[in-house]
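Model, not experiment: these values are computed from the prediction. Residue numbering restarts at 1 for every chain, and letters A, B, ... go by the order of the sequence lines.
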Protein chains: 2
Amino acid sequence: MAILVSSVDVAKLAGVSQATVSRVMNNPEKVNAETFTKVNAAIQELNYRPNAAARSLISRKSGIVALLCGPLEDPDNAEFSARSIAYAQEKGFITEIHIQDPTQPGTVFEAISRSQAEGILVGPITPVGTGIASLKNSGIPFVFCGADQHGEHRFVSLDNAASGKLAADYLNNLSHTVVGWVGGGRNESHHGTRYRGFLETAKSQGMKICSAAGAYSDFDGVLSAMMARKDRPTAIAAATDALAAQAIDFLIAYGYSIPEDMSVLGIGNSPQSAMNYLSLTTIGLPPDRDIFKEAVTELLALIHGDFPNHSFNERIEPELFIRNSSAPNQK
Amino acid sequence: MAILVSSVDVAKLAGVSQATVSRVMNNPEKVNAETFTKVNAAIQELNYRPNAAARSLISRKSGIVALLCGPLEDPDNAEFSARSIAYAQEKGFITEIHIQDPTQPGTVFEAISRSQAEGILVGPITPVGTGIASLKNSGIPFVFCGADQHGEHRFVSLDNAASGKLAADYLNNLSHTVVGWVGGGRNESHHGTRYRGFLETAKSQGMKICSAAGAYSDFDGVLSAMMARKDRPTAIAAATDALAAQAIDFLIAYGYSIPEDMSVLGIGNSPQSAMNYLSLTTIGLPPDRDIFKEAVTELLALIHGDFPNHSFNERIEPELFIRNSSAPNQK
DNA sequence: CTGTTAGCGCATTCAT
DNA sequence: ATGAATGCGCTAACAG
């Protein structure tokens, strides 16, 4: 923010009042043609740029929306921000990003509550009660997108519990009776919800579950422990496609063939999962649903004061995308 | 930005002057203990948050750095922003992102020049002369990271020309004489530089080059055209790992085995390339170099007014990472 | 059509 | 230690 020249400087050089400079910037039609060119010349000469802070101090609008999500190294977070930013920018908003530190999930809420943002888009995060309360108290409108929603807030998301159920049902249909789960240890709310949906259904069908509290950091150790068991699983379901991909990476390194030796199932239907070198069977949104666009649209409507009272609770039924990482149990 | 309550409101409730409220926020040690608690109580009660716009209007500091890069669907851009944002946030800065629309590469520079940002980090983009000039004129300090640098600006980047040369040399050593190139048609400056380095070296070694102006959108058509030739290549080099991965995806779909039928080589040494299901031979930075951290550090030093005159021109020698997507030519 | 005036919310003198 | 006054750069009445 290097403001070297103010509208007063321009006014002096152009020999007009500061208000006229302001008019040239905002209401050009309400100013005489020759003064307009005169002022514009001064603007060019001094390379004048209006101070955004002063503007928003008056208008109470910053033109900024805030994004809140986990580290962008996680492909789910990357996709969330990529898509949301694109839509917001399309609508004329600048986006500022706040990354939640998994080791201190609470701190980010303070900064975001103090920000100049006109609205907040909450992506996949580790929920913190006081943090959500802080958001609410800030008075800034917010919408959840992708993560599970806690409390009575607006949200749009894949039905995570149903996705877990679908994963269990699918593996059960393939006759897998001992199955692993990867991702249960992560704090993101939607991971847990997916796991609970999976666990519940799998248990009700008499399947045996090896759960692994897998973080990205110690993935190999976690999966080693799972596969070292005498009754090792014949299939692994993961909370996300990225975790499923990591599982495949591990299994290849340890000599397994996919899907002959092991079936692997993801959740998310990420672009990556469709690539032929991965070809991951996964569970995700119907292709015609774009939750990122829907979330941004809702948030901007809130910012503009439209439909302040209409409800926005979109929990979307998942679909199964069968590819080459899964097969019937051979044993 | 929903400011419901100002420092004046707090002052009234606490029975003090507005200046005292300000002191409580910024110089707590310079205020009596009991007035401090009294004011704090009022702050809590009214849920007061200082207005960031008013603050930066006075201090001329926004605590914001701007990022400029291409669409985050490109993994290179995603990595750039992921890493940069993390470092900036670590240092107490909020990051706002500006995405360059490849179809209108010039427009983004206007918005970014007007932003409140204290500094700009320029990532992989399509360079536009007037845009760069606009950045310079804004008076906001900026640093290039990853992309090729144009003019006498501060930058840190892989040596893109040398990377292209290294790619050609490596394929030549593997006895490939007819080789394809993917990515030459993209506008990002570093893609072009990689291509020129590749082309020059390949030609000097008598190799035959099939260049494909590949965009992400019509990738299949472009690669089909290349592989339909009678003298189809035995190896393909790509401007980025992501393009190389797409090439592999295509080749698998068309029945090729990697590397038996075709060698594929990327540039970037992305995290993805090391995964066993891809195992992409690639060219990238030495593992001990972190250009994102270096760029952010340099930018913050500029913002803080440190070393205003020291040079920052880091063009880094590439390394070769041999994995399983490449093999000697069998023909 | 243009100039004058009055704040937006806050930090910072200067008095007291 | 605290209050009154000033101004950051700008927009929005209000006069003329």
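Note that SG of Cys145(A) is 5.0 Å distant from CZ of Phe80(A), once rounded to the nearest 0.5 Å. For the atom pair CD1 (Ile291(A)) and CG (Leu158(A)), the distance works out to 7.5 Å, reported to the nearest 0.5 Å.
Listed by first residue number, the stems of DNA chain D with at least three Watson-Crick or G-U pairs below 3.5 Å are C:1-16 with D:1-16.
Remark: C1' of dC10(D) and CZ of Arg114(B) are 15 Å apart, rounded to the nearest angstrom. For Leu57(A) and dC10(C), the CG to P distance is 9 Å, given to the nearest whole Å. Put simply, CG on Asn51(B) is 8 Å from C1' on dC10(C), counting in whole angstrom units. Rounded to an integer number of Å, the gap from Glu34(A) CD to dT2(C) C1' is 13 Å. A straight line from NZ of Lys38(B) to C1' of dT2(D) spans 10 Å, rounded to a whole angstrom. Distance Arg55(B) CZ to dT12(C) P: 10 Å, rounded to the nearest Å.
Partners of Arg315(B) by side chain to side chain donor-acceptor pair (under 3.5 Å), not counting sequence neighbours: none found. Residues forming a side chain to side chain donor-acceptor pair (under 3.5 Å) with Gln18(A) (at least two apart in sequence, or on another chain): Ser7(A). Listed by chain and number, the residues in a side chain to side chain contact (heavy atoms under 4.5 Å, CB included) with Thr35(A) are Val31(A), Asn32(A), Lys38(A) (sequence neighbours excluded).
A donor atom on one side chain and an acceptor atom on the other are not found under 3.5 Å apart for Asp76(B) and Thr240(B). If you check the side chains of His98(A) and Glu96(A), you find a donor sitting under 3.5 Å from an acceptor.
Distances shown here put a side-chain N or O of Thr35(B) below 4.0 Å from the OP1 or OP2 atom of dT2(D).
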Identify every side-chain donor-acceptor pair in residues 40-47 of chain A under 3.5 Å, counting partners at least two apart or on other chains, and give the distances.
| from | atom 1 | to | atom 2 | distance (Å) |
| --- | --- | --- | --- | --- |
| Asn47(A) | OD1 | Arg49(A) | NH2 | 3.2 |
| Asn47(A) | ND2 | Asn137(B) | O | 2.5 |

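Within residues 14-33 of chain A, the residues having any heavy atom closer than 4.0 Å to DNA chain C are, in order of number, Val16(A), Ser17(A), Ala19(A), Thr20(A), Arg23(A), Lys30(A), Val31(A), Asn32(A).
Nearest nucleotide to the side chain of Ile58(A), out of dT2(C), dG7(C), dC10(C): dG7(C).
Among the heavy atoms of the strands lying under 4.0 Å from Tyr48(B) are primed sugar atoms or P, OP1, OP2 only; no base atom is included.
Checked by atom type and distance alone, the side chain of Ser62(B) pairs as donor or acceptor with a backbone atom of Gln116(B) at under 3.5 Å.
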